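Here the structure comes first, spelled out in structure tokens, and everything after it is commentary.
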Amino acid sequence: PANGEYVFGSPLAEKTEIRLPDNKLFTIKTKNLSKQNIYIQEAKLNGALYTKSFIRHSDIQKGGELVFVMGNQPSETFGTSAEDMPGRELNQ
């Protein structure tokens with residue numbers, strides 16, 4: 001992406017691995033994924049709660065694990081604050 005941020009959509013796989021230079025690995029896992037559960041309820045990056053609705057390319061390059069928990073209704077808390085929306089740094 002031009003600004004170095006990837007905006008989250010509904011995951012299509014339960015597990016995806018991205019192999020990176022220097023033998024690093026970035027893994028994306030999805031819990032409760034189904035045709036009905038298309039909304040991210042919660043995310044954790046390397047075990048810590050992650051509320052942003054995007055991830056920076058530089059964070060992926062570090063390696064690690066991103067886990068999404070899915071549900072059938074939009075979350076009232078995930079990615080809803082101004083700080084959690086993409087492009088914030090570009091608009092300041």
Side-chain angles (χ1 to χ4, degrees):
N3 68 353
E5 297 175 345
Y6 299 95
V7 178
F8 299 141
S10 184
L12 299 175
E14 290 182 7
K15 183 178 178 182
T16 302
E17 293 181 340
I18 302 171
R19 300 204 181 276
L20 302 165
D22 300 323
N23 292 318
K24 292 180 185 175
L25 182 67
F26 189 79
T27 304
I28 303 167
K29 294 181 180 178
T30 309
K31 296 180 179 181
N32 303 327
L33 182 62
S34 71
K35 288 183 180 181
Q36 295 78 27
N37 293 345
I38 61 170
Y39 299 99
I40 299 170
Q41 303 300 299
E42 176 182 279
K44 288 189 178 181
L45 179 61
N46 299 321
L49 191 61
Y50 189 80
T51 59
K52 294 179 178 16
S53 61
F54 65 95
I55 191 166
R56 290 185 178 89
H57 184 76
S58 58
D59 291 329
I60 292 172
Q61 290 298 110
K62 295 174 188 174
E65 180 179 77
L66 178 64
V67 178
F68 293 113
V69 177
M70 306 301 291
N72 64 0
Q73 296 289 322
S75 172
E76 294 183 13
T77 57
F78 176 77
T80 58
S81 70
E83 302 84 47
D84 295 336
M85 296 182 185
R88 181 171 166 76
E89 293 174 0
L90 299 174
N91 296 325
Q92 292 181 349

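Computed from a prediction, not measured in an experiment: that's the story for all the values here.
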Is the shortest heavy-atom distance from the side chain of [X] to the side chain of [Y] under 4.5 Å?
X	Y	result
Asn32	Val69	yes
Lys29	Pro11	no
Arg19	Leu25	yes

Gln41 CD to Glu76 CD distance, which is reported to the nearest 0.5 Å
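Between atom CD of Gln41 and atom CD of Glu76 there are 9.5 Å.
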
Just how far is it from atom CZ of Phe68 to atom CD of Glu14, taken to the nearest 0.5 Å?
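Reported value, rounded in 0.5 Å steps: 14.0 Å.
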
Closest non-hydrogen atom pair, Phe54 against Glu5:
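Nearest pair, atom of Phe54 first, then Glu5: CE1-OE2, 3.6 Å.
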
What are the two closest non-hydrogen atoms of Leu20 and Ile60, and how far apart are they?
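Answer, listing the atom of Leu20 first, then Ile60: CD1-O, 3.1 Å.
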
Any donor-acceptor pair under 3.5 Å from [X] side chain to [Y] backbone:
X	Y	answer
Asp22	Lys24	no
Thr27	Glu17	no
Ser10	Ile38	yes
Gln73	Gly71	no
Asn72	Asn37	no

Quick one: which of Asp59, Ile55, Thr16 gives a side chain to side chain contact (heavy atoms under 4.5 Å, CB included) with Phe26?
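Single side chain to side chain contact (heavy atoms under 4.5 Å, CB included) partner of Phe26 among Asp59, Ile55, Thr16: Ile55.
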
Is it true that, when you exclude Leu49 itself, more than 12 heavy atoms of the residues, nucleotides or ligands shown sit nearer than 6.0 Å to its CG?
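Yes.
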
Hydrophobic clustering (ILVMFWY, side-chain heavy atoms < 4.5 Å, transitive) - are Leu33 and Ile40 grouped together?
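As far as the 4.5 Å side-chain criterion goes, Leu33 and Ile40 are connected within one cluster.
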
Tyr50-Ile18 co-clustered via ILVMFWY side chain contacts under 4.5 Å
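In one cluster with Tyr50: Ile18, yes.
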
Relative to the ring of His57, is the ring of Tyr6 parallel (under 30°), tilted (30 to 60°) or perpendicular (over 60°)?
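Correct class here is tilted.
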
